[in-house]
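Okay, so here's the structure we're looking at.
Hydrogens, waters and symmetry mates play no part in the numbers below; they use all other heavy atoms, side chains included.
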There are 2 protein chains.
Amino acid sequence: MSMSKCEQCIIKQFNSLKALTRDELMRISACKTSKTIKKGDVIFEEGESLNGIFCIKDGVCKLTKLSANGKDQIIKLVEKGQILGQRSLISDERTNLRATAINDMELCFIPKSEIMNDLQKNNNFTMDMLKDMADDLKEADDIIVNMAQKSVRQRLAEALLDINDNFGTNPDGTLSVLLSREDFASIVGTATESAIRVLSQFKKEGLISTKGKHIKIEDIEGLKRIE
Amino acid sequence: MSMSKCEQCIIKQFNSLKALTRDELMRISACKTSKTIKKGDVIFEEGESLNGIFCIKDGVCKLTKLSANGKDQIIKLVEKGQILGQRSLISDERTNLRATAINDMELCFIPKSEIMNDLQKNNNFTMDMLKDMADDLKEADDIIVNMAQKSVRQRLAEALLDINDNFGTNPDGTLSVLLSREDFASIVGTATESAIRVLSQFKKEGLISTKGKHIKIEDIEGLKRIE
DNA sequence: TTTAAAATATGATATATGTCATGTTTTTTC
DNA sequence: GAAAAAACATGACATATATCATATTTTAAA
């Protein structure tokens, strides 16, 4: 149980919770629980019945879905400031995705009853949630088109650029989100060996450099030019 | 301009508009406009700025997105009872998809100001919209996984089953939504020739039969078994 | 009806990607 | 720091799908 208060938490600025009143935040603060998740740990399983939502205080996780052939597909990377589990809460369904920590994380868990109550009473909060969901849907549409129409090479180049844009880099210029080659394969929807091959190719072409699994983008324009 | 009244329209049962009060529906009825759209006509273009939403009174349309390589990707088929354009209205953005009539359609156009006003004031309406959006998002997640992990053959079999389930059949057993081979290719994200080849193969295997472009599913279980 | 245009069909071939095998490097564990 | 495990890398080959060419059939237009 954390001592920190939601109404003072900077994180809330970045998600729908910002639409809540001071009173509502204080009520949430009183019933929330904090938890630490280690890299690789599962936050919730696909098909699990969630009793609330998670607000990510620190760290990054991946949302994956198991396909019929047994491979995990990464649908989205979610980072500090964003919330998890809202879709299943709103639809009152079991989760359709699994959430797994990419690095060590700090989460706050807010019980369903509290969120549903706020959604019922605070229309600004509902509208904010709706806007976020609309954004997610638009993003999903883009992913569908990319999956359907672009080559693995193009998708991987875009994935690198996306991660660079959305999560930034370490002081040494390497991508701050550290993903395995298997993760990259799972983002672009290809075999791990294919992802490895394409990354090796990018390296040969001077578009990226690698030290171990750390990747540094060396030529942003070059990656953008891959069509 | 149509004489029919929203508050008496059966269509509203099937979408978020059912959450509106009688008063709200009467106000909408007073400012809505009806229009007829011919098969093949574009309802709105990708990147267009919409001034309201469309409620589909009759007919089916496709939502497509143009990919970098110049091919259209069908993201979703939308039918009688559903609404169009809500995503861009809520995000206050230009549309990210084009809507094209698959057959002759009847639409009601409801101005933005009216919808935004109702969203502001009627929380049930907002919640309903949110639930619909959450459902759409879940569906999109499934499509992403299918695109990434399944073969053209599997995706096409699923597309046929989906259309059968969601839109039903004519008295003679053929699928009631009449799509060109190019449309099928655009749904599963493949070349038109590939879609044609797979459909021919299904025909040889006795899974479907065709008369012209009319397709009849002959063996539902067989199609489901394609893995 | 005749003609033109569009859609469907199919073959031949090229290409991208998947799969399996195997070796090397990196990371983890004791 | 050594041993074990995991991740990465790359070759060889199989397979799915795209592309191009060219019929054939269906639909639309004159």
**Prompt:** Could you walk me through whether A:R225 and A:E205 pass the salt bridge (Lys or Arg N to Asp or Glu O under 4.0 Å) check?
**Reply:** CA-CA 13 Å; A:R225 233 176 289 124; A:E205 296 171 28; over 6 Å; no
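- Note on A:K71: only backbone sugar-phosphate atoms sit closer than 4.0 angstrom, heavy atoms only; bases stay farther off.
- Between the P atom of D:dT17 and the CG atom of B:N69 lies a distance of 17 Å, rounded to the nearest Å.
- For A:T190, a side-chain nitrogen or oxygen approaches OP1 or OP2 of C:dG18 to under 4.0 Å.
- The phosphate of D:dT10 (OP1 or OP2) has a side-chain N or O of A:S200 nearer than 4.0 angstrom.
- Atom CD1 of A:I226 is separated from atom P of C:dA16 by 13 Å (rounded to the nearest Å).
- Evaluated for a salt bridge (Lys or Arg N to Asp or Glu O under 4.0 Å) with A:R98, the options A:E48, A:E45, A:E46 yield exactly one hit, A:E45.
- Put simply, the side chain of A:R197 and the base of C:dG18 share no donor and acceptor less than 3.5 Å apart.
- At whole-Å resolution of the value, CD in B:Q201 and P in D:dT15 are 16 Å apart.
- Following rounding to the nearest Å, A:R155 (CZ) and C:dA16 (P) show an atom-to-atom distance of 13 Å.
- Looking at every heavy atom in both residues, A:F44 comes nearest to A:L97 through CE1-O, 3.4 Å.
- Nucleic acid contact class of A:S151 (heavy atoms, under 4.0 Å, all strands): sugar-phosphate only.
- Atom-to-atom, CZ of A:R181 to P of D:dA6 comes out at 18 Å; the value is rounded to the nearest Å.
- Residue-to-nucleotide proximity on DNA chain D shows that, of A:T192 and B:G189, the 5′-proximal contact is made by A:T192.
- Take the nearest nucleotide of DNA chain C for A:V152 and for A:G212: the residue whose nucleotide is more 5' is A:V152.
- Side chain of B:S194, nearest nucleotide from C:dT17, D:dA18, D:dA12: D:dA18.
- A straight line from CD of B:E193 to P of D:dT24 spans 18 Å, rounded to a whole angstrom.
- Atom NZ in B:K213 sits about 5 Å away from atom P in C:dT8, given to the nearest Å.
- Within 6.0 Å of NZ in A:K131 there are 12 or fewer heavy atoms belonging to other residues, nucleotides or ligands.
- Remark: C1' of C:dT28 and NZ of A:K38 are 15 Å apart, rounded to the nearest angstrom.
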**Message:** Show, in sequence, the C-alpha distance, side-chain angles and deciding distance for A:D141 and B:K65, and conclude whether the salt bridge (Lys or Arg N to Asp or Glu O under 4.0 Å) test is met.
**Reply:** CA-CA 8 Å; A:D141 289 345; B:K65 191 167 164 58; over 6 Å; no
